[in-house]
Amino acid sequence: MQLAKAYDPKTAESRHYRRWESLGFFRPEINQNPHASKFSIVIPPPNVTGSLHIGHALQHTLMDVLVRRKRMLGCRTLWLPGTDHAGISVQRKVVEQLRKEEGKTPLEIGREEFIRRCWLWKEQYGNTIIEQMRREGASVDWSRHRFTMDESYSRAVRSVFCTLYNEGWIYRGWRIVNWCPRDRTVLSDLEVKEEVRPDGKLYYLKYPLVDDRGKTLTVATTRPETMLGDVAVAVNPSDDRYSDLIGKLIELPLAARQIPIIADEYVDPGFGTGAVKITPAHDLNDYEIGRRHDLAGILVMNDDGTMNSNAGRDFDGLDRFEARQEVIARFGELGLLEKIEDYELTVPVCERCKTIVEPILSEQWFVKMDGLRDLALVLMENEGLPRFWPEVPHKKVYTSWLENLKDWTISRQLWWGHRIPAWYDEAGNVYVAETESRASELALGKSLHQDPDVLDTWFSSALWAFATMGWDGEVVETEDLRTFVPTDALVTGRDIIFLWVSRMVMMTKKLIGCHPFNDVIVTGTVLGKDGKPMSKSRNNGVDPIEMFDKYGVDATRIYLASIATGADIRWNDLLIETYRNFANKIWNAARFCLLNSGGAVVDLGALLEPRSAADKWIISRFNRVAIAVGSALDKYQFHEAVQILYHFFWDDFCDWYIELVKDEITGEAENEETSILRCRIMTILEQSLRLLHPFMPYLTEEIWEKLPGVGPHLHNEAYRNAPASIMLSDYPKGNEQLIDERAEAEMQLVIELIKRIRNIRSEMNIKPGQRIPVFVIASDGQEQIFKANEAPILKLARAASLTVGRDFELPRASAKAVLAGGSEVVVPLEGLIDFTKERERLKTQLTKLENELTRISAQLENENFVLRAPAKKVGDLRKRKSELEQQQAMMRSNLAAIGE
RNA sequence: GCCGACUUAGCUCAGCGGUAGAGCACUCGCUUCACACGCGAGGGGUCAGAAGUUCGAAUCUUCUAGUCGGCACCA
């Protein structure tokens, strides 16, 4: 079988995914072992509005690595995909589309039509991500794909709402909430971000007292327009400046209203003037003060951020920022504006549209979080679940966030989403039920209308761990739920630990009684080339599809997996190139094996009877690597696994093993030894491909299917009846019995010898084509090793002859080097040697050696070290020291021999 | 204000108590019959600074400086 000279990712990427999918390889049902343990992951459902970005690619890669490995290990494996309806995002897109294409507003086409448009939009654009995930090679079970507004998922949402309501965990009430005047909906605290405004102002307004004519009290505010809703001015009761004013009345300017001066501990006498205007309908703290003093708030704004009629005829209809200017102007005219100070302030903004969020008194639905929070805290306290990877800092951040949790605003003034299952009669009584007919029963047939609001998208995604498994409130036991929940791992970004992870924990614990997942693997952020978070405005984004096209999916995947778990990474194309080259290296190693295969086939038996030291060595190395990869992945140390595999394949397998056996394999002679050797190298290649498969699925499958002798008999026992594919082959776990320390030490010595000779050749400018005689003065026990490996030494050191002995008379004009264990290599260079150069070469090496020797000697001379360090450490160091001393002596005499 | 992370070779990053590592870049040499997306040989670091713990610190503790996060407050 001939392979092309360079690996072309596109060929492989176009072929395998469809086959894997259509043969059902991604489904847990492919596993025919009734006793198989399970492994399950649910995907963090991407928004239907989104397209794949590099963060998805990173998370999907890690999930796929886990899933593919576990599947190959014989687990009944499920990776469940899906998408999120993304309430506000979709609504905004459809509103925009409507405006652009038809010049209409949602109100003009009506709720029903609007929702129909949302579904259309979703059908048209919502599958982008799904198609892109196929390209990634993500081995998700598409037959179990879920959308958060699927019929059964919606039933689950309504059911959970009703349950929580009936148990008193959900309530409706008036609270100060975050209001986005542009989206015209309430937002939860988590959807509000902070923005620093260095150019902010603090306005000092003078409020005239009613009785003491001419006397005023100055308050400081950043939002003067809210004064139209003031109901009091508060001072600290211990503030001597104002104590005589407490209880007096103020004539509120522009509002024709008298308001009292009250005393409250909340007021900080040191800030501003020490007197605070109180606007309970527009500020959380003012609201609390209002409650303490029994003062009702006056709402002066509409839902679009304009002032309402409560603000007075002159302000009604004005935008809040126009109203601010107007208020300031009027105060100025009245001589009541004391001053305006520059004041850096942070304003709350809508996470998505960046509009300044208005705190506003509003009637909304909330989830009481104290009980739910305790479920999560107890789970962490008692069982340490979920386990965060990396644990620092996420465990602490997660628990301390829970400890300070406030109630969750879950209603949204949108149309796209899960409509709140609450109905009202004409008297305003509320009936909460899964369906309208049940609500109607509760209302004894009174005429009802449903609450117009929908639920926060995160309310529905909080149910993702179990609503995806068929749970809908009526059906509470399903095969999938029993089998796959709790899931094993959740791979997600830092940004949604509060929004999603914590809420899934609470809801799953509450509704199902168990935790949703064991491990949470928190990925870092992939930053742009400029080291800043990727964003459209910075135009520093990296499109994973472009990377796939340019470097191949496999190279992109293994690069993403090579990023340390949880660490932020600055994007750099050069690093992907490294792995593109690696893919090519693998391809060419396979090409070599196939070009020289003869009649060889993949045969695990060929690994059981190693012939040469090189065979024993590579088999030992392979098993060591397989074990190390397994333990790295068990700890979610993907990058560690990648490094191990990269260096094993490139350094050990390609640079050394292939080179060591090359002559024999490419030789014309066809004998039994050669064929076994060919089987062996083919098998090591095949085993390596299996280890690499979770990271590089396309490349490994593409090569694997071309190897002679592969088939379902190589599958894990759970898949013996399935069509052949590397993705069902048995994942090598590594066998400790096959680690051969002696063979590894032996080969290391041979490698060192070859490197020393190459160093001499290079430093002495010996032409690559020139063969040179090599002598080795072997120390005790090493003679045999060199003799046994004569052929590879001759080849790889380009030596004409290798003479191994205990003692030689050798010409002064020789280059020499000392090996670990005391052997010495001598290359006679009659006529070729440049003594100056050789002295330099020896001196460089001597210096290196002596630096180490000095350090070690100092350490051993330290009595405390000898006394307190572990005996083994001291022993090792003594051994090292005596070896270094021996080498030093030899090198010194070599140096002396050619003259200082 | 509270909590936290990061600072290691020119660049991007591993390592996190016992001889400073990788990839890229750099220097030198190679059309060696799998691969120039390659092969071989090299150069390059007082591990941000200071103090401490320890026989021993890049690795633990404290402080300082710089960079970046999260949370809270903001009349």
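Chain A is the first sequence line, chain B the second, and so forth, proteins listed ahead of strands; every chain is numbered from 1. What's counted below: heavy atoms across the whole structure, side chains too, no hydrogens, waters or symmetry copies. Remember, predicted model here, so these are calculated numbers, not experimental data.
Residue-level contact check: A/T221 touches the backbone only, with heavy atoms under 4.0 Å from sugar-phosphate atoms and none from bases. Nucleic acid contact for A/E863: none, since no nucleic acid atom lies under 4.0 Å from a heavy atom of the residue. No engagement by A/S400 is indicated, since no non-hydrogen atom pair under 4.0 Å with the nucleic acid exists. A/Y7 comes within 4.0 angstrom of nothing in the nucleic acid, heavy atoms only.
Between A/R758 and A/S762, the closest side-chain pair of non-hydrogen atoms is not below 4.5 Å. Put simply, the side chain of A/V219 does not reach to within 4.5 Å of the side chain of A/M227, judged on heavy atoms. Side-chain atoms of A/L205 and A/L337, non-hydrogen and from C-beta on, do get closer than 4.5 Å to each other.
In the set B/rG70, B/rA14, B/rC73, the nucleotide with an atom closest to the side chain of A/K406 is B/rC73. Closest to the A/K755 side chain, of the nucleotides B/rA41, B/rC74, B/rC73, is B/rA41. Of the candidate nucleotides B/rC74, B/rA34, B/rA14, B/rA14 has the atom lying nearest to any side-chain atom of A/A567. If you check B/rU12, B/rA41, B/rC74 against the side chain of A/E763, the one that comes closest is B/rA41. Comparing B/rC37, B/rA34, B/rA41 against the side chain of A/R591 picks out B/rA34 as the nearest. When distances run from any side-chain atom of A/F498 to the nucleotides B/rG70, B/rA14, B/rA34, the shortest one goes to B/rG70. Side-chain proximity of A/T844 to B/rG43, B/rA34, B/rG38: nearest is B/rG43. For A/I658, counting side-chain heavy atoms from C-beta on, the closest listed nucleotide (B/rA34, B/rG40, B/rG42) is B/rA34.
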Shorter than 3.5 Å, N or O on both sides, protein versus nucleotides 2-4 of chain B: list them out with atom names.
from: B/rC3; atom 1: O3'; to: A/K396; atom 2: NZ; distance (Å): 3.2
from: B/rG4; atom 1: OP1; to: A/K396; atom 2: NZ; distance (Å): 3.2

Any protein N or O atoms within reach of nucleotides 46-48 of chain B? Criterion: under 3.5 Å, listing atom names and distances.
none

Close N/O contacts between protein and nucleotides 19-25 of chain B (under 3.5 Å):
from: B/rU19; atom 1: O2'; to: A/R855; atom 2: NH2; distance (Å): 3.2
from: B/rU19; atom 1: O2; to: A/E852; atom 2: OE1; distance (Å): 3.1
from: B/rU19; atom 1: O2; to: A/E852; atom 2: OE2; distance (Å): 2.2
from: B/rU19; atom 1: N3; to: A/E852; atom 2: OE2; distance (Å): 3.3
from: B/rG23; atom 1: O2'; to: A/T578; atom 2: OG1; distance (Å): 2.4

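Applying the side-chain hydrogen bond (donor to acceptor under 3.5 Å, both in side chains) rule to A/D199 yields no partners; only residues at least two apart in sequence or on another chain are considered. Among residues two or more places apart in sequence or in another chain, the side-chain hydrogen bond (donor to acceptor under 3.5 Å, both in side chains) test is passed with A/T222 by none. Under the side-chain hydrogen bond (donor to acceptor under 3.5 Å, both in side chains) criterion, A/D189 pairs with A/N178, not counting sequence neighbours. Considering only residues two or more places apart in sequence or on other chains, A/K5 meets the side chain to side chain contact (heavy atoms under 4.5 Å, CB included) condition with A/R591. For A/W704, the side-chain hydrogen bond (donor to acceptor under 3.5 Å, both in side chains) partners two or more places apart in sequence, or in a different chain, are A/E686.
Using a 4.0 Å cut-off between charged nitrogen and carboxylate oxygen, A/E195 and A/R197 count as a salt-bridge pair.
Under the 6.0 Å distance and 45° angle rule, A/K339 counts as a cation-pi partner of A/Y204.
The interatomic distance linking A/F271 (CZ) with B/rG1 (C1') rounds to 14 Å, in whole Å. Rounded to whole angstrom, the span from the CD atom of A/E191 across to the P atom of B/rC71 amounts to 13 Å. When the P atom of B/rA41 is taken as reference, atom NZ of A/K767 falls 19 Å away, rounded to whole Å. Between the NZ atom of A/K881 and the C1' atom of B/rG18 there is a distance of 18 Å, given to the nearest Å.
Rounded to the nearest Å, the gap between the P atom of B/rC60 and that of B/rU7 is 11 Å. Comparing the C1' positions of B/rU61 and B/rA57 gives a spacing of 11 Å, expressed to the nearest Å.
Judged by closest nucleotide on RNA chain B, A/A583 is the one of A/A583 and A/R758 placed further toward the 5' end. Each of A/W571 and A/W656 lies near RNA chain B, and the nucleotide nearest A/W571 is the one positioned closer to the 5' end.
Residues of residues 277-285 of chain A that place a heavy atom closer than 4.0 Å to RNA chain B, in numerical order, are A/D283, A/N285.
Within the structure, salt bridge (charged side-chain N to carboxylate O under 4.0 Å, His left out) contacts touching residues 260-278 of chain A (residues at least two apart or in different chains) are A/D230-A/K277, A/D264-A/R292.
Between A/W650 and B/rC39 there is a side-chain N or O to OP1 or OP2 distance below 4.0 Å. Listed pair A/K193 / B/rG69 fails the phosphate criterion, with no side-chain N or O lying under 4.0 Å from OP1 or OP2. The shortest distance between the side-chain N/O atoms of A/K662 and the OP1/OP2 oxygens of B/rA34 is below 4.0 Å.
Of the possible polar contacts, none joining the A/R798 side chain to the A/I772 backbone as a donor-acceptor pair under 3.5 Å is found.
The base of B/rC71 lies outside donor-acceptor range of the side chain of A/E403, with no N or O pair under 3.5 Å. At a cut-off of 3.5 angstrom, counting only N and O atoms as typed in the model, there is a donor on one side and an acceptor on the other between the side-chain of A/R580 and the base of B/rC37. In terms of polar N and O atoms assigned as donor or acceptor, the side chain of A/K5 never comes within less than 3.5 Å of the base of B/rC35 in a complementary pairing. Scanning atom types as modelled, one donor and one acceptor separated by under 3.5 angstrom connect the side chain of A/E659 and the base of B/rA34.
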Which pairs of donor and acceptor atoms, one on a side chain in residues 558-576 of chain A, lie under 3.5 Å apart (sequence neighbours left out)?
from: A/S562; atom 1: OG; to: A/Y559; atom 2: O; distance (Å): 2.6
from: A/T565; atom 1: OG1; to: A/Y636; atom 2: O; distance (Å): 2.8
from: A/D568; atom 1: OD1; to: A/R494; atom 2: NH2; distance (Å): 2.5
from: A/D568; atom 1: OD1; to: A/T525; atom 2: N; distance (Å): 2.7
from: A/D568; atom 1: OD2; to: A/R494; atom 2: NH2; distance (Å): 3.2
from: A/R570; atom 1: NE; to: A/K529; atom 2: O; distance (Å): 3.3
from: A/W571; atom 1: NE1; to: A/D573; atom 2: OD1; distance (Å): 2.8
from: A/N572; atom 1: OD1; to: A/L574; atom 2: N; distance (Å): 3.1

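A/Y579 has its ring centre no less than 6.0 Å from the ring centre of A/Y551.
Side-chain contact of A/E752 with A/Q748: a donor-acceptor pair under 3.5 Å is absent, judged by distance alone. A donor-acceptor contact closer than 3.5 angstrom links the side chains of A/S188 and A/E191.
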Reading RNA chain B 5' to 3', how would its secondary structure be written in dot-bracket notation, given Watson-Crick and G-U pairs with both distances under 3.5 Å, brackets [ ] for crossing pairs and | for partners on other strands?
((((((((.[[[[.)..(..]]]].(((((.......))))).....[[[[[..)....]]]]])))))))....
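Separating the CZ atom in A/F695 from the CG atom in A/L62 is a distance of 9.0 Å, to the nearest 0.5 Å.
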